[in-house]
Amino acid sequence: MTLGEVLLVATLAVPLVTLVLALSSGSHRRTTILLVLAAIPALLTALFAESGTTVVLPQALLSLVLSLDLPGRLLLGAAALLWIATGAYAVLSRRGRENDNPFPIWWLATMTGSFGVFIVADLVGFYLFFTLVSLSAYWLVVDDGAPPAKRAGAVYVSFALLSEAFLLLAFVLLAVATRNDSFLIRDAVAAISTSPLRDPAMAFLVLGFGIKIGLVPFHVWMPLTYASASIPVAAVLSGATVKAGVIGLIRFLPFGVPLPGWGETLTALGFVSAFYGVLIGITQTNPRTILAYSSVSQMGLIAAVLGMGLATGNSITPAAAAFYAMFHILAKGGLFLAIGVAQKTRHRTEWTVLLPAAVVVLGFGGFPMTGGAIAKYAIKSPLGDGDVAMLAMVSAAASTLLMLHFLRCLRASRSHETRTTSAAEQSFIWLAIVVAVVALPWALYPAVIQASAHDALSFDALWKATWPVLIGVLLFGVLGRAPRILPMIPPGDIIVLQSWAWSGAKALGDATERIDEYLRRWSIAGSLLLVVTLALIGSFYVGR
Amino acid sequence: MASVFDVTLVCLILAVGAWSTFARLTFSAIVIFIVYGLLLSLAWVRLAAVDVALTEAAIGSGVTGMLLLNAVARLRSTDAAPTPSRSSVNIAAGVFCTLITASLAGLVLVPPQVPVSLAPSVMESLGQSGLGNPVAGVLFVYRSLDTLLEKVVLVLALIAVWSLAPDGLWGGKPALRPFPQRDSVLIFLARTVPPIGIMVGIYMFWVGADEPGGAFQGGAVLAAMWILVMIAGLAAVPPTSSHALRLALIVGPVVFLAIGILGIFLTGTFLAYPEGYAKPLIIAIEATLTVSIGVTLAMHVVGPPEKEWRS
Amino acid sequence: MAIMNAITIFGLCAAALVGLGIFGLIVNPQPLRKILAINILGSGVFLMFGVIARRGAAAGLGGDPVPQAMVITGIVVAFSATALAVALLLRLVLVSGAATLEAEAEPSEKDGR
Amino acid sequence: MAAAETSSIAGLLLVSVLILPVVGILAQLALGGRFLNWICLAVFPASFGVSAATCAVVWSHGEPLIYIVGGWQPPLGIALRADGISAAMMLVTAIIICAVAIFARVEFTQPSGAPEARAPFVFWALILALWSALNALFLGCDLFNLYVALELLTFAAVPLVCLKGGEATVKAALRYLLFALLGSMLYLMGTALLYGAYGTLDITLLAQRVHPERVTWIAAALMTVGLLTKTALFPLHLWLPPAHAGAPAAGSAVLSALVVKGSFFLIVRLWFDAMPGLGHTAGPQLLASLGAAAILFGSVMALRQQRLKLLVAYSTVAQIGYLFLMFPLAMAAEQSWTSLAWTGGWLQLFSHAFAKAAMFLAAGLIADALGHDRINDLGGAGRLRPLTFCTFGLAGLSLIGVPPSGGFVAKWLLLSASVAEGQWIWAAVIVVGGLLAGGYIFKVLGRAFTAGSDAPVIVTPVSLSREVVAFSLAVGAVLLGFFPLEPAEILQIGRPEILGSTVP
């Protein structure tokens, strides 16, 4: 086995072994630090294993095929960084609660799933890790036990299950379309573009992954979940686990062959989300909710990029989208930590939080020299030069607006807090992430896009990157001065329909119960038995 | 052409069956059901199945009748007016039942061109076993596994009945209500009939190998006699923990099973009889089965252990 | 099939008894009557075996002994069923004081609602 | 029929699995309560060993094991035959019954020195009878012999329901018995018609003789519906929820995991083996439609329940439905036995058996520990009994169809089959069923693992060994998920060559 292969296996094996340790260990004081250590092999894999490293595990391990490619590597590395950082943050913030057993277990399980989806190359394996990351996260969401968390958990798990269901259908279609016994995602994707099952498979894929990345109208779980989970949990959910959907789209959409129709659909869905997220986001005042809507918007942008790539057959798309997603992992995860740090920071040192936050925030608009700038530059090629590129610029302006709004609310929320606990260690973690957010994209750009980062520093590029931010700032200024003209929209916006859907479901359930009571009466059941008999006799005469 | 007797019999069976189904009082329904069973025995005789006729009369009508009568006596107090049932459902059920009957009747009216029968192959090999009664041959030679399993069913059903006893009374006496009046006709019958009945029972089992009859019918007669004696209060109901009772229950199945296993060693096949010994072995099985069946049927009728019934 | 022979008459009787038994089982509200109905249904089924046996009269026998033997086994099994059902019914009356099968009275289910 | 098999030592294994439990019951009656524990200690391992050996022989030889009882060939005599599916069923049955026996050991031990107690005596006798009856169903080749086995199964299952003796359970038992008896009679009517038409009740011979004609259709319908009453397929499920919810936990586990599968097995025998011509009719579609209705209806009802045991019972109503999707999917395939649906259907059966047994045992432990099984009042109980709720969760994941679990593989195969056959409707039902299952499982887990307003307290301590037994069964359900996603060869042993070859 080469080092790369060992690392690849260790990426999943180490968290799993740690999981078993955490399950069996009586004292949890020692295992908490393992939360951090368990993510290190993933980082090492991203750094040192070469793209193309493949391991086929034996039958006893479900014949999983692990394989590292460029998009997977980018996401794995960034996710590993985030898991390490938030793991450390969680350990620090949960001091004194180490014996709270379930948390480390679900943390590790979610982390394993999160890493797994980036490096697994077969259908069943992907489904396995996708399920693991989605369902384990439920326990992280409800960990706090408060009623909002319970409600958020219920909504979260409903959508997670729904997405699982769509994906199961999609994967089965892919497997059937592949015909030969290969369960490799690569073979399935190659087969699907010419298969008669293409359209349903694509639809289920887009639905399944769309729910995971919170495409409108499947985004409602995001604001609820991110607002009520604990800080480190919200950080990994928004940063790392949501990327399971991104890698899913990257892996399963047949890039390289132009697939019009589906590409445009995905692009349209993406932009709807991108703008919808901002629109609702600016009406919110809770910084976490704002970040959640920003996620809706950003994931919409990534979906649009992927959609354009699909429509045009642009083969750079997967790498570009992954590159952007990598930025988002660190930036969004980091901002959630910032919320946590801000709440614990003394008034006079608040600039230590707000200033770095401003750097990250401006990145969302693609302000020059930020990590976001180069990330946005990377997705230019798939987006093309036409109207779509224009839309992307507008969305950058909108993002700037939203993120500035976030910054303001962050500060506002901070000033209400009178807590004076020292958060030096947490601040350090947060600052480290900020460095990564800025430095990593610039460092990795040449390797990922196969082009020099200097292009992004040309005057033309700089100008194109700057004006959306300026517009955003302008808009923010206008909105900020204006009295409160924005409507009050509850977090989760269309979740208010839930009560309506709920009463509908309840009525349906009541009806089912009444029917059951009726059917289970003796005389009814007896008569039905005769009906079934006669129907069966009749059915034998049909189709002979 | 069907004889007048057959047509009359069938009409009677149907009429009595319907009467039993629709009778207002449960008690009358059960009495009518016993008559129904006897008529059915006649039908079996007409169908040239005397073995079945005897079984039907002894078990289907006789012992089952006792069981139901005992039950209705206990239920009298709760024989409240039945809840009004939904007539539309009844009509629908009636229509469906008619359709089922019609489809079965359709099959009866169009019998297969060449009637199928295993009778020739039964007779062909019957000689080897030395039995004269083909039904006994089927029961104890060709399909002995069915018969063995059915014995297990009978014993298991008794355990199931006993299982309904309250925890504290497990192993206690079943509460059979003895007939209250002394010196009645019942006592007289209980003193005079059993000796004859027991003879009849033993005779039935004994001829079973060659003539209609056998362990089931003989056992049922023995059961009836024992119940009669117990109802009359002439013999005590044994406690269900009684060792003798338990041994009597299982002796038949145990012997049956033992001879079946013996077959493995002597002939190499489970439930096969060594050549020349088939008849004696089968008679041994039947003898013990008669006892076990008699005891089991009777215990079924008297029910699970209960607190003493005081009237 | 010009002649309605004796076997057919009994066959029709069996078919009618099956229908009658099922009907009684469905519409009679009292459990003991249901038990009775099952016995009538059973007798119809057994009679059908008898009719089939009689049709198979051959080799000097009045009927095919195989189905006849099956009926004997069946009668014993049916008796066991009746005995168990009666015992259950008596137990039900003992613990609840009423003999009804309808689901209305399933208190344990409704308790928590 | 391979007559050579009749006297082989291996053939005696088939006889042994039938009679060993029976010997146990007879010994119980003969020796009484004093020796009860010893009898169980002897019979259970022995029966398990024989079952396992039978499977080993069938699987290693790759061909069915046949035993001609008494040396009389069918149609006159009765044959016992263990093919791939019977062997697999026997093994699953043996594992689950033994696990449940270990679980029930604490509750149903005959106290030494004390007089014979009711519950232990009855419980062990019933479990042994169930085991024998199930094996008889799996091995039986003769439809009348199978009827007797079916009745043995029913008479063992019914008292198990009301072992506790409460009013609700006695009523449930009586309803179960009466409805099952109606089913038995319909089944018996069908056998009469078949004998009358074809002169045999041996399944193999019947397969050669049956014609697509009226008598076959009516007999098949009567027998199928008769068996459906015992399988409790919607809308014939009236007896199941109260019966399975009312029995003691160990009893519920066996009833839900195995007993309803016994009659289902017989339906498969009828449709696939005895009368393969039914595959060319609309019958399979009708069965699957009822199955689909069961999935949707049962799942919604499970979601609505307030009591844990009732939830699990309604989940059984739903899960039974999946089994019937096998009929249109496998029968439509060119080669039923090598189809994905055939393997998927059986895997669904096996994994549901493990998962549901584990789930009922877990539910029993929860009810024991807390003194109630109200779902709403479970808040935080998961932290008190983590292993028990883990068991419930693992088993639940298999029911939902989450990988790696037997339930996932089963659903994957069934879904693949319905897509490949173009029968999309079943795919939709499977997926919606999984969603609803997710709903009712997470409803329980969510309550259990998040603190409620008033934390529940442990009323009765629960022994770790019982928790471990339940957990192992759940692990068994998960381990089935390591089955490869392809048709299993062991389930093809001894299957007829080509579907419907003898039927014009």
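Letters A, B, ... mirror the listed sequences (proteins, then strands); counts begin at 1.
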Smallest separation among heavy atoms of [X] and [Y], with atom names:
{"X": "D/Trp72", "Y": "B/Ser125", "result": "CZ3-CB, 3.4 Å"}
{"X": "D/Tyr195", "Y": "B/Val116", "result": "O-CG2, 3.3 Å"}
{"X": "D/Gly71", "Y": "B/Thr269", "result": "N-CG2, 3.4 Å"}

Pick one of side chain, backbone, both or neither for [X], based on which atoms fall under 4.5 Å of a heavy atom in chain D.
{"X": "B/Glu124", "answer": "neither"}
{"X": "B/Ile264", "answer": "side chain"}
{"X": "B/Leu149", "answer": "both"}
{"X": "B/Val155", "answer": "side chain"}
{"X": "B/Pro166", "answer": "backbone"}

Heavy-atom pair count under 4.5 Å with chain D, highest-scoring of [options]:
{"options": "B/Leu247, B/Leu148, B/Leu104", "value": "B/Leu104"}
{"options": "B/Ala165, B/Gly260, B/Gly263", "value": "B/Ala165"}
{"options": "B/Leu271, B/Ile100, B/Leu107", "value": "B/Leu107"}

Give, as side chain, backbone, both or neither, the part of [X] having an atom under 4.5 angstrom from any heavy atom of chain B.
{"X": "D/Val22", "answer": "side chain"}
{"X": "D/Leu128", "answer": "neither"}
{"X": "D/Ala197", "answer": "backbone"}

### Query
Do D/Leu26 and B/Pro253 come close enough that some side-chain heavy atom pair is under 4.5 Å?
yes

### Query
Do D/Val69 and B/Phe270 have side-chain heavy atoms sitting under 4.5 Å apart?
yes

### Query
What do the steps show when you test D/Ser132 against B/Val152 for side chain to side chain contact (heavy atoms under 4.5 Å, CB included), and what is the final call?
CA-CA 10 Å; D/Ser132 180; B/Val152 179; 6.0 Å; no

### Task
Show the numbers, then the answer: is there a side chain to side chain contact (heavy atoms under 4.5 Å, CB included) between D/Ile19 and B/Ile261?
CA-CA 10 Å; D/Ile19 63 173; B/Ile261 293 170; 4.0 Å; yes

Top contributor to chain B interface from [options] [non-hydrogen pairs under 4.5 Å]:
{"options": "D/Gly70, D/Pro159, D/Ala133", "value": "D/Gly70"}
{"options": "D/Pro115, D/Gly196, D/Ala221", "value": "D/Gly196"}
{"options": "D/Leu222, D/Leu193, D/Val122", "value": "D/Val122"}
{"options": "D/Leu18, D/Leu163, D/Asp142, D/Ile25", "value": "D/Asp142"}
{"options": "D/Ile218, D/Leu152, D/Leu76", "value": "D/Leu76"}

Once rounded to the nearest 0.5 Å, what's the spacing between atom [atom1] of [X] and atom [atom2] of [Y]?
{"X": "D/Gln28", "Y": "B/Arg246", "atom1": "CD", "atom2": "CZ", "value": "9.0 Å"}
{"X": "B/Leu156", "Y": "D/Leu126", "atom1": "CG", "atom2": "CG", "value": "6.0 Å"}
{"X": "B/Leu154", "Y": "D/Phe155", "atom1": "CG", "atom2": "CZ", "value": "9.5 Å"}
{"X": "D/Tyr147", "Y": "B/Glu150", "atom1": "OH", "atom2": "CD", "value": "10.0 Å"}
{"X": "B/His243", "Y": "D/Leu29", "atom1": "NE2", "atom2": "CG", "value": "10.5 Å"}

### Message
side chain to side chain contact (heavy atoms under 4.5 Å, CB included) for B/Val110 and D/Arg214? Distances and angles first, verdict last.
### Response
CA-CA 10 Å; B/Val110 191; D/Arg214 193 163 52 156; 3.7 Å; yes

### Query
Residues of residues 137-147 of chain B under 4.5 Å from chain D (heavy atom pairs)?
B/Val141, B/Tyr142, B/Arg143, B/Leu145, B/Asp146

### Under 3.5 Å: donor-acceptor pair, side chain of D/Arg118, backbone of B/Ser163
yes

